[in-house]
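Structure first, commentary second.
Below, chains carry the letters A, B, ... as their sequence lines are ordered, and counting in each starts from 1. Because the structure is a prediction, the values reported are computed rather than measured. Just the heavy atoms: all of them, side chains too, but no hydrogens, waters or symmetry mates, feed the values below.
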Protein chains: 2
Amino acid sequence: MPSSTVENYLKAILHLQGEGRGSTTVGEISRELEVTPGTVTIMMRHLKARGLVAYEPRRGLSLKPRGVTEAMKVVRRHRLIEAFLVEVMGLDWSEVHEEAEILEHVISDRLLDRINEMLGEPTHDPHGDPIPDRNGVLAKDRAMPLLDAAAGRYRVVRVSDEDSALLEWLNEKGVRIGEEFEVSDPDRAAGVLELSRRGGKRVQLGLQVAGQVFVEAVA
Amino acid sequence: MPSSTVENYLKAILHLQGEGRGSTTVGEISRELEVTPGTVTIMMRHLKARGLVAYEPRRGLSLKPRGVTEAMKVVRRHRLIEAFLVEVMGLDWSEVHEEAEILEHVISDRLLDRINEMLGEPTHDPHGDPIPDRNGVLAKDRAMPLLDAAAGRYRVVRVSDEDSALLEWLNEKGVRIGEEFEVSDPDRAAGVLELSRRGGKRVQLGLQVAGQVFVEAVA
DNA sequence: ATCGATTGTTTGAGTCGTCAAGATAAGTTC
DNA sequence: GAACTTATCTTGACGACTCAAACAATCGAT
Ligand SMILES: [Mn+2]
Ligand SMILES: [Mn+2]
Ligand SMILES: [Mn+2]
Ligand SMILES: [Mn+2]
């Protein structure tokens, strides 16, 4: 029922409000979706009229329950599709995001179910993002950015999926979901941080990059 | 580059002109796509301006070479997708047309190639329709409608893919691509025609239905 | 040839999503 | 608080696609 445009707005709002304050602004959406603020204002009126967002002009906005539900459905489709493209179709984790960005709006429920079965009801997508279940419930992860990790042993659990060059590079360096590394204290001056594995291979990461890689401490 | 709407018009024109006279009319397109004739007229002006069709008001129209090329690409995508949905995803041949109707406009070339490889460069879709090769060249089949077949032995080579109830019924009766049957002379009065196979099971088809099933004589 | 039916074209309007540019409300700084 | 800056809102417009309804051409059969 919602158009792909509406689905994209809902997903963007979910993403933006999802970190901390529980609400977002016209400006943030405008930057995220690369449309002008005026366009967003109009869409917010529309989404409010449809009962999907709580929006008070100039005061910010957030998803109402129905909006969250709809957004979660799209996220579920997106992540299942990414998993499918990697596991079944053999595409690289660096090239599935764009494709999923489109397919998420057009796949039938029937086909989505098939994908889900075929993959054995996966809980995470290829970048380590959790896949909402049929009711839109999301397993929470307590991963932290590699950037904030004290020196120690960590496992990579999640990577930002939007920068495909980064994904290619990480893959090449062996930094993949599930891999474990010894992490050095960041060298703030050099703007660098080092990972090393048992074998001994070392990888230098810029702090910028380290902000996109999420890890969990290992016992 | 062409929008999905334009792709659908090109595909419809290819389909309509493809049978005999090599051209089609505004009215036929209007019925095929279920839009008003006025809408078609406007789109034809647009397609003419883009060099995709030859259109003289009131005199009919046909695809120009570039239009054929574009249309063939869409047909190729449609049929490869249908094959994929049946072979790999395990959907029934009666439920893939609608899905392909949408996916044909959004699948990336990358993913289409993967599908093609995965299926081993198939030449026919699940309904027996030939799949254009990368250059848009179509293997021609010389199948005839079952309706026009004299009594004798025939193999089913193609079935119209648009009526999903028909496809379900055919499947249930064992009338599948590649199956061979003994065909009776049509009983025009009763409006019925009979297929029987070695085993002995008989199937009665209405002449209407027999027009949708295409066969090839067996030696 | 003329009437009537059929087919195609024109025109005016609507929806959706978008932008540009001007107006206004809220900060921020002194 | 006055002045400046930034965020947001409003308005008018446009591109794609569509419909309804009025109009025009064509066909075909007397
Ligand atoms: Mn993604
Ligand atoms: Mn992902
Ligand atoms: Mn089909
Ligand atoms: Mn088919």
Distance check needed: dA7(D) P versus Leu61(A) CG, whole Å only. 16 Å
Parallel, tilted or perpendicular, judged at 30° and 60°: which one describes the rings of His127(B) and Trp93(B)? parallel
Just how far, in rounded Å, is P of dC9(D) from CE of Met43(A)? 15 Å
Without hydrogens or angle criteria, can the side chains of Ser108(B) and Glu99(A) be said to hold a donor-acceptor pair below 3.5 Å? yes
Asn8(B) and Glu101(B), any side-chain heavy atoms less than 4.5 Å apart: yes
Measure from the side chain of Thr41(A), starting at C-beta and using heavy atoms only, and say which of dC19(D), dC19(C), dT10(D) lies closest. dT10(D)
Take the protein atom CD1 of Ile29(B) and the nucleotide atom P of dC19(D), then report the distance between them rounded to whole Å. 14 Å
Whole-Å gap separating P (dG15(D)) and CZ (Arg50(B)): 15 Å
Out of curiosity, Arg142(A) CZ to Glu216(A) CD, how far, rounded to the nearest 0.5 Å? 5.0 Å
Which nucleotide in the list dT10(C), dT9(C), dA20(D) gets nearest to the side chain of Thr36(B)? dA20(D)
How would you label the contact of Pro37(B) with the nucleic acid (heavy atoms, under 4.0 Å): base, sugar-phosphate, or nothing? base
Taken to the nearest whole Å, CD1/Ile42(B) to P/dG14(C) is 16 Å
Answer yes or no: does a side-chain N or O of Tyr9(A) lie under 4.0 Å from OP1 or OP2 of dT18(C)? yes
Ignoring backbone atoms, establish whether Tyr55(B) has a side-chain N or O less than 4.0 Å from OP1 or OP2 of dT9(C). yes
Proximity to the side chain of Thr39(A) - top-ranked nucleotide from dT9(C), dC17(D), dT18(C): dT18(C)
Selection from dA7(D), dG17(C), dT18(C) that lies nearest to any side-chain heavy atom of Arg58(A): dA7(D)
Rounded to whole Å, the CD-P distance (Glu7(A) to dC16(C)) equals 16 Å
May I ask you to test the Ile131(A)-Thr123(A) pair for a side-chain heavy-atom distance under 4.5 Å? no
Please report the distance, rounded to the nearest Å, between CE in Met44(A) and C1' in dG17(C). 12 Å
In whole angstrom, give the distance that lies between atom CG of Asn8(A) and atom C1' of dG17(C). 12 Å
Of the options Thr25(A), Val53(A), Leu63(A), which is the one that meets Gln17(A) in a side chain to side chain contact (heavy atoms under 4.5 Å, CB included)? Leu63(A)
For a quick test of reading the model: is some side-chain N or O of Ser3(A) closer than 4.0 Å to OP1 or OP2 of dG17(C)? yes
Taking the side chain of His46(B) as heavy atoms from C-beta outward, which of dT9(C), dC17(D), dT18(D) is closest to it? dC17(D)
On DNA chain C, compare the nucleotides closest to Glu34(A) and Glu28(B); which residue's is nearer the 5' end? Glu28(B)
Please work out if Gly38(A) contacts a base, only the sugar-phosphate, or nothing of the nucleic acid, heavy-atom cut-off 4.0 Å. base
Check this one for me: any side-chain N or O of Arg59(A) less than 4.0 Å away from OP1 or OP2 of dA25(C)? no
Which is true for Ser30(A) with a 4.0 Å heavy-atom rule: it touches a base, it touches only sugar-phosphate, or it touches nothing? nothing
Taking any heavy-atom pair under 4.0 Å as a contact, classify Arg31(A): base, sugar-phosphate, or nothing. nothing
